[in-house]
Amino acid sequence: MGAGLFYMASLLVVHEVSKAYPGESLGAVNSLSFTMEAGEILSFVGESGSGKSTLLRMLAGLLKPDSGEISFQGKALENPEEQLIAGNSAIKMVFQDFDLMPNMTVAENLRYPLLSYDKVYANERVRELLQLCGIEELAGRLPRELSGGQQQRVALARALADEPDLLLMDEPFSQLDPVNKSQLLREVLRILKAARVGLVFVTHDTRDALMISDQIGFLKGGKLLQQGSPETLYRRPENLDIARFFGPINIFKPEAMAVQLPGLFEKVRERRATAVGIRAEDVRAGEIPGLQTLKVSVSDTFFLGDRFSVEGELAGGRPFVFQANTALGEVGNEISVSFSLDSLIYFY
Ligand code: ADP
Ligand code: MG
């Protein structure tokens, strides 16, 4: 620190980490690098088998990378065989099955990780955790007397007991119904921000990731294809896989557009893009002045509750998907749809 320069280490730095399971020729995680700052929520999304759980298990210190380095708060993360006790007290994994002690009350479950602490402190910390996680009224109950969402809150409170700096969660809410899940996600977000705890969150549900993350990483074949804010991944995905993973989208190669949509074709050529995407929700039914218009022959309509998803074909048979506020009549109807050039996603 010669020149009075203080260097604050990132919470987590992962540098070219790879892991292949014995007997597997394709690595589960391949030369993956990313950085995460204290208190951030970083989600990893990707299809099943993309390496999310393998990555998380390496971060938890439960699995040893074949190569590469992981450093946590400026120090190398210890490999499983170097640790005296499995795991790291500053990094806590929240398991999918909650893993609560069945014969202990909620308060006793929270006190359990605090056994080595002073009694007065432990009791005070349990009270704080109950309050922080909004579960005070559950303190005397046994795990079997709790709903799934309540058990999840208790598991989260217990993971926070020892004041970790980083939590790891692998698809933790997959058993919850959508309403409870969305409520719980907001709650988790509030609790982690209040406690200034970072989270690496693994999910295949893009809505969950979009809702709570500061950063999202997209994994495919064990590689990190893009990392950025939720809006960046949604609005400016760097490749077609990422764009498609986040929701229905129409992808066009410029050649296919030259005749039907000369304005679009020109834009794509100007930017030297290799393809262009239009998200289903950015398309509106009807011919709207100032927007690009296409004719679509309707082949299927699905009711989604708040809107309809419409599938159809453009002249020449190319499929086209969009959303509408009303059902659009008979299959086979030809209708006009419009979209703004500003909503296009370019691929290079
Ligand atoms: P995800 O969590 O994204 O579904 P995983 O990390 O579980 O992905 O798996 C990544 C790849 O590694 C997949 O091809 C999977 O089949 C393989 N894999 C995962 N666990 C093991 C294991 N214990 N032994 C061998 N291969 C595994
Ligand atoms: Mg997994």
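Whatever order the structure lists ligands and atoms in, that order sets their numbers, starting from 1.
- Of the residues listed (Leu129, Val106, Leu110), the one engaging Arg158 in a side-chain contact (heavy atoms from CB on, under 4.5 Å) is Leu110, and it is the only one.
- For an aromatic pair to be called close, the ring centres must be under 6.0 Å apart, and Phe218 with Phe245 satisfies this.
- Remark: atom 16 (O) of ligand 1 lies closer than 4.0 Å to no protein heavy atom.
- The existence of a salt bridge linking Lys181 and Asp205 is confirmed by a sub-4.0 Å separation between a basic side-chain nitrogen and an acidic carboxylate oxygen.
- If you check the side chains of Ser229 and Tyr234, you find no donor sitting under 3.5 Å from an acceptor.
- In this structure a side-chain-to-backbone donor-acceptor pair under 3.5 Å is present from Asp214 to Ile41.
- Contact check for Val268 versus Arg271: no side-chain heavy atoms found under the 4.5 Å cut-off.
- Note on ligand 1: Ser48 sits in its first shell, one or more heavy atoms being nearer than 4.0 Å.
- Distances from the Mg ion (ligand 2) show that Ser53 has an N/O/S atom below 2.8 Å.
- At the shortest separation from atom 8 (O) of ligand 1 among protein heavy atoms lies Gly51 N, 3.1 Å.
- Judged purely by atom type and a 3.5 angstrom limit, Lys52 uses its side chain to pair as donor or acceptor with the backbone of Gly46.
- Summary of contacts: the protein heavy atom closest to atom 19 (C) of ligand 1 is Tyr21 CE1, 3.3 Å.
- Among the atoms of Ala28, none of the N or O lies under 3.5 angstrom from an N or O of ligand 1.
- For the pair Glu47 and ligand 1, a heavy-atom separation below 4.0 Å is found.
- Less than 4.0 angstrom separates atom 27 (C) of ligand 1 from at least one non-hydrogen atom of the protein.
- Remark: minimum distance from atom 13 (C) of ligand 1 to any protein heavy atom is reached at Gly49 O, 3.7 Å.
- Looking from atom 5 (P) of ligand 1 to the surrounding protein, the closest heavy atom is Thr54 OG1, 3.6 Å.
- At the shortest separation from atom 7 (O) of ligand 1 among protein heavy atoms lies Ser53 CB, 3.8 Å.
- No side-chain donor-acceptor contact under 3.5 Å links Ser71 to the backbone of Gly74.
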